[in-house]
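As structure tokens, the structure follows; a few thoughts come after it.
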Amino acid sequence: MIFIILFFGFCFGHRLFEQPAVTLGELEHWGRYAAAAYDEFEDWGACGRCQATEALRQTTVVAQWSTTEPGAFSRGFVGVNHRRRQAVVAFRGTTHVMDTVTDARVLQRRWPASVNGSRVHSGFLAAYSSARAHVRGVDGYALAFVGHSLGGAQAALAAADFCAARACDHVTLVTFGAPRVGNGAFAAHANAVVGASWRVVHGADAVAQVPRTLGPAEYVHADREVWITDRVTESVY
């Protein structure tokens with residue numbers, strides 16, 4: 001498994017960009033939800049990673065899924081922290097042979113249909129589509145989409161899908177070691193509709209460098225990159 005690392009050294013310091021800003025603590029907070037998606041979150045109280053911080057211990061799972069469609073495997077949950085007025089949609093990354101099949105489906109499909117020229121990875125889209133019915137927010141609450149690796153790809157699709165139909169100033173997308181999801185048209189669309197997005201990459205993580213453009217199948221990263229140096233203090237995974 002690829003490790004997501006917490007660190008002292010952002011390459012741009014604690015304030016990474018002028019608008020919006022993000023802190024190490026915020027990235028760690030959402031990274032722990034991405035880590036929890038790898039655990040037995042169905043029993044939140046007995047799930048080790050689900051009890052790692054006070055914020056996680058205060059979280060209640062209101063939806064969960066584990067789809068088994070060939071080439072479209074997805075697992076994750078929707079959690080709500082009423083004290084913080086936050087909801088989170090977390091997708092698990094690659095751990096299963098069916099996930100590998102999903103990762104390998106690099107041909108693209110047109111999506112979303114409303115965006116001219118937008119095309120995305122067919123395997124990632126199939127995985128997200130199998131979970132789409134479970135994705136939700138909570139009225140009046142901030143909402144985050146998070147995931148690592150394959151989970152990050154699904155989180156990116158979910159955030160773009162959710163925000164296409166509504167104002168999303170309250171929505172944050174945070175991915176860790178995520179691959180490219182679609183072409184330039186999709187990347188531009190995602191950047192335009194998602195309120196704030198951060199793509200965390202550790203060192204020379206190979207997953208963040210694929211898929212590569214193959215003939216007409218162009219792949220371009222969306223959102224803002226946060227590059228992590230090798231100076232580390234703790235492993236989340």
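Just so it is clear, the values below take in all heavy atoms, side chains as well, and ignore hydrogens, waters and symmetry mates.
- Summarising the geometry of S74 relative to W65, their closest heavy-atom pair is OG-NE1, 3.0 Å, with the distance given to 0.1 Å.
- Using a distance-only test at 3.5 Å, with no hydrogens or angles considered, a donor-acceptor pair links the side chain of R180 to the main chain of P211.
- Between L173 and W198 the shortest side-chain heavy-atom distance does not fall below 4.5 Å.
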Pair R84-E54, salt bridge (charged side-chain N to carboxylate O under 4.0 Å, His left out): steps then yes or no:
CA-CA 11 Å; R84 291 184 172 226; E54 182 180 6; over 6 Å; no
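- The aromatic rings of F186 and W111 sit tilted relative to each other, their planes meeting at an angle between 30° and 60°.
- When all heavy atoms of A36 and R49 are compared, the pair lying nearest together is CA-CB, 4.1 Å.
- Between N116 and A185 the shortest heavy-atom distance is O-CB, 3.9 Å.
- Relative orientation of the H82 and Y141 rings is perpendicular, given thresholds of 30° and 60° on the angle between their planes.
- Between the side chains of T59 and W44, not a single donor N or O lies within less than 3.5 Å of an accepting N or O.
- Ring orientation note: the planes of H121 and F124 are close to parallel, at an angle under 30° on the 30°/60° scale.
- Annotation: the span from D43 atom CG to C50 atom SG amounts to 8.5 Å, rounded to 0.5 Å.
- For F176 and H202, the ring centers are positioned 6.0 Å apart or more.
- Distance check, rounded to the nearest 0.5 Å: CD of Q108 to CG of L125 gives 11.0 Å.
- With contacts defined as side-chain heavy-atom distances shorter than 4.5 Å, the pair H148/Y38 qualifies.
- F162 has its side chain out of reach of V89: every pair of non-hydrogen atoms, C-beta onward, lies at least 4.5 Å apart.
- Of all non-hydrogen atoms in G45 and Q51, the two that sit nearest each other are CA-NE2, 3.6 Å.
- The distance from atom CD of Q154 to atom CG of D161, rounded to the nearest 0.5 Å, is 12.5 Å.
- Residues Q86 and N81 bring no donor and acceptor atom of their side chains to less than 3.5 Å of each other.
- Looking only at distances, a side-chain donor or acceptor of N183 sits under 3.5 Å from a matching main-chain atom of G117.
- Taken to the nearest 0.5 Å, the CD atom of E26 stands 8.0 Å off from the OG1 atom of T172.
- Formation of a donor-acceptor pair under 3.5 Å by the E218 side chain with backbone atoms of G184 is found in this model.
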